[in-house]
Amino acid sequence: MKRTRVGAQFAVDKQVLKLRLSTLRLRVVLVLIGLGFTVLGARAMQLQMFKTDDLQEFGERSYTQSIHLPASRGKILDRNGLVLASSLPARAIYVDPRRFAEASPQQVVALAKALDMTPDQVRQRVEKGGRQFAYLKRQADVAEAQVVQELKVPGVETLKEYKRHYPEGRISAHVVGFTDYDDRGKEGIELASEDRLHGVDGSRRVMRDRLGRVIGDIQTVRDPVDGQDEWLSLDSHLQYLTFNALQEAVKEYGAKAGSAVVLDVNSGEILAVANWPTYDPNDRSKVRFSDMRNRTVTDSFEPGSTMKPFTAALALELRKVTPNTIIETAPGRLKIGPDTIGDSHFLGTLTVEQVVQKSSNVGTAKIALEMEARQMWEFLSAVGFGHTPEIVFPGAVAGRLRPTASGARSSRQRSPMATASRYRCCNWPRPT
């Protein structure tokens, strides 16, 4: 028998199931939504129409970077064109600490070996650097940098820079000087002629990926302008001979230090300047500060017998004597107040010319006594004693000249009254 299912219908009249919205609330919600869209639209219009350049620049900064292009430093040459200092291509090896954290222990060991360091030293340099940059080595050879790049250690990159090379080494070290890691002059001509030698660095913009790797050039902002060459009056051959002679003399007499200067008597140009002890500007890892002193310009000294021609010259100019005026030096000693002036051996009767030629102390003293202390002071001051040498060279000191009031009779004939700086030289660097 077939059953018939009878469905029942129920009338739904429950208040809880009916949806009723307040007209006021609905309108408030619609207004708020409309205001939101209006604000978003206005902001979008503002960004697209009025801040396009700023947003574009902000976006470019996230994937572009300015790369420093160092200028090549000018050469330093002697009077014959022989190179005394030049710049060689080098590389700065640096690391991005964020990416370097991904390097394996084996890669760190290989990197340390390539840099002639220990793994701990590499990690210490990374930790001492900034959050995004740390130098591992400056002025590395190009071949060494190439080996490091081939290791493909995460975060390790290289930058182009220059390393200063000094072919004459310690022979002309005190004259030429040296530069620091940033290719800035620190001593000698390198410092004195910094503005001419350094040049103007350039820059270019490159595109980088999210890992900081360069993936392409955008534009060259400024091309580097190399520095100018500096020509000196030095003669490298004479410099070599002077240095060797000085070194042998210091050794022979057991001196602690020595210096020598060679001048062209006709032009006043400096042809050679040598100092001992010295240092190698190509390797300053173990140099002592005292070895770096250019004693020819930093030290003052008692001129001694070199003052005798000045005394005779002033007497001739004041017409106190003539070249043939007779000066009696016997018995070889002259007492002036509490002091006694003496010659090394008996010279007898001399002319003024012979007094200078034979370097007679007694003869020079008698000539000096013919003049007033004030006259000698004014003359010595006029020729440069007591003044800073007229050279553009770092560390040059002034000599000392006693005031007229202290120019007693006995002080007029000693090399007297003056303590000279090494030279009041001209033409260094050599005029171009």
Side-chain angles (χ1 to χ4, degrees), residues 73 75-78 82-88 90 116 137-141 162-194 197-198 230 232-263 270-303 388-389 391-399 419-423 425 428-429:
R73 193 174 178 85
K75 299 177 182 177
I76 298 178
L77 311 166
D78 79 343
L82 184 69
V83 176
L84 302 177
S86 62
S87 295
L88 302 178
D116 194 22
K137 190 170 185 178
R138 298 292 306 274
Q139 296 185 350
D141 294 335
Y162 292 96
K163 177 171 65 175
R164 207 65 167 161
H165 177 61
Y166 304 95
E168 297 298 301
R170 60 181 189 164
I171 294 176
S172 58
H174 295 96
V175 177
V176 178
F178 57 87
T179 61
D180 59 12
Y181 279 124
D182 294 321
D183 216 21
R184 296 283 183 177
K186 304 303 291 184
E187 290 290 343
I189 296 297
E190 293 279 29
L191 174 58
S193 301
E194 171 65 21
L197 291 168
H198 185 71
E230 188 71 278
L232 305 184
S233 62
L234 258 62
D235 185 307
S236 292
H237 179 64
L238 286 177
Q239 179 73 21
Y240 174 79
L241 296 177
T242 303
F243 178 82
N244 284 341
L246 176 65
Q247 186 178 10
E248 292 175 2
V250 170
K251 182 179 180 180
E252 179 180 354
Y253 294 101
K256 294 182 178 179
S259 58
V261 180
V262 179
L263 298 174
I270 297 177
L271 303 179
V273 175
N275 287 277
W276 185 269
T278 185
Y279 66 99
D280 185 357
N282 295 303
D283 182 11
R284 303 188 300 276
S285 58
K286 298 180 180 180
V287 67
R288 297 177 301 176
F289 180 77
S290 59
D291 296 343
M292 298 168 59
R293 281 175 53 198
N294 186 352
R295 300 171 187 270
T296 59
V297 296
T298 62
D299 293 6
S300 58
F301 71 108
E302 180 65 33
T388 302
I391 57 174
V392 184
F393 202 84
V397 297
T419 300
S421 52
R422 289 293 181 180
Y423 35 71
C425 74
W428 186 15

Original post:
Is a side-chain donor-acceptor pair under 3.5 Å present for R164 with S87?
Top reply: yes

Subject >> NE2 on H237 to CG on D78, rounded to 0.5 Å >> reply: 11.5 Å

Subject >> Residue pair N282 / H165: nearest heavy atoms and the distance that separates them >> reply: OD1-ND1, 3.5 Å

Original post:
Just checking, any donor-acceptor pair under 3.5 angstrom between side chains of S172 and Q239?
Top reply: no

Original post:
Minimum heavy-atom separation for M292 to V287, with atom names?
Top reply: CG-CG2, 3.8 Å

Subject >> Residue pair V175 / I270, side-chain heavy-atom distance below 4.5 Å >> reply: no

Original post:
Under 4.0 Å between a Lys/Arg side-chain N and an Asp/Glu carboxylate O for R293 and D299?
Top reply: yes

Subject >> Distance, nearest 0.5 Å, that separates CG of L246 from CD1 of I171 >> reply: 12.0 Å

Subject >> V273 to N294 - nearest heavy-atom pair and separation >> reply: CG1-OD1, 4.3 Å

Subject >> CG-CD distance between L234 and E168, expressed to the nearest 0.5 angstrom >> reply: 10.0 Å

Original post:
If you measure from CD on E248 to OH on Y253, what distance do you get to the nearest 0.5 Å?
Top reply: 11.5 Å

**OP:** Specify the closest pair of heavy atoms between L84 and P167, including all atoms of both residues, with the distance to one decimal.
**Re:** O-CD, 3.4 Å

**OP:** Determine the minimum heavy-atom distance between G177 and P281, stating which atoms define it.
**Re:** O-CB, 4.0 Å

Subject >> Worked check of side chain to side chain contact (heavy atoms under 4.5 Å, CB included) between I189 and E230 >> reply: CA-CA 9 Å; I189 296 297; E230 188 71 278; 4.2 Å; yes

**OP:** Indicate the atoms forming the closest heavy-atom contact of Q139 with D180, along with that distance.
**Re:** NE2-O, 3.7 Å

Original post:
Within the side chain of E194, is there an N or O that forms a donor-acceptor pair under 3.5 Å with the backbone of G185?
Top reply: yes

**OP:** Taking the side chain as every heavy atom from C-beta outward, state whether T296 and H174 have any atom pair closer than 4.5 Å.
**Re:** no

**OP:** Would you indicate whether the side-chain heavy atoms of Y162 and R73 approach each other to under 4.5 Å?
**Re:** no

Original post:
Within the side chain of D280, is there an N or O that forms a donor-acceptor pair under 3.5 Å with the backbone of G169?
Top reply: no

**OP:** Kindly indicate whether the side chain of W276, heavy atoms from C-beta on, has any atom under 4.5 Å from the side chain of R170.
**Re:** yes

Original post:
Within a strict 4.5 Å, meaning less than it, do heavy atoms of the E190 and Y166 side chains meet?
Top reply: yes

Original post:
Backbone N or O of K75 within a donor-acceptor pair of the S86 side chain at under 3.5 Å?
Top reply: no

Original post:
Is a side-chain donor or acceptor of N275 paired with a backbone partner of R295 at a separation under 3.5 angstrom?
Top reply: yes

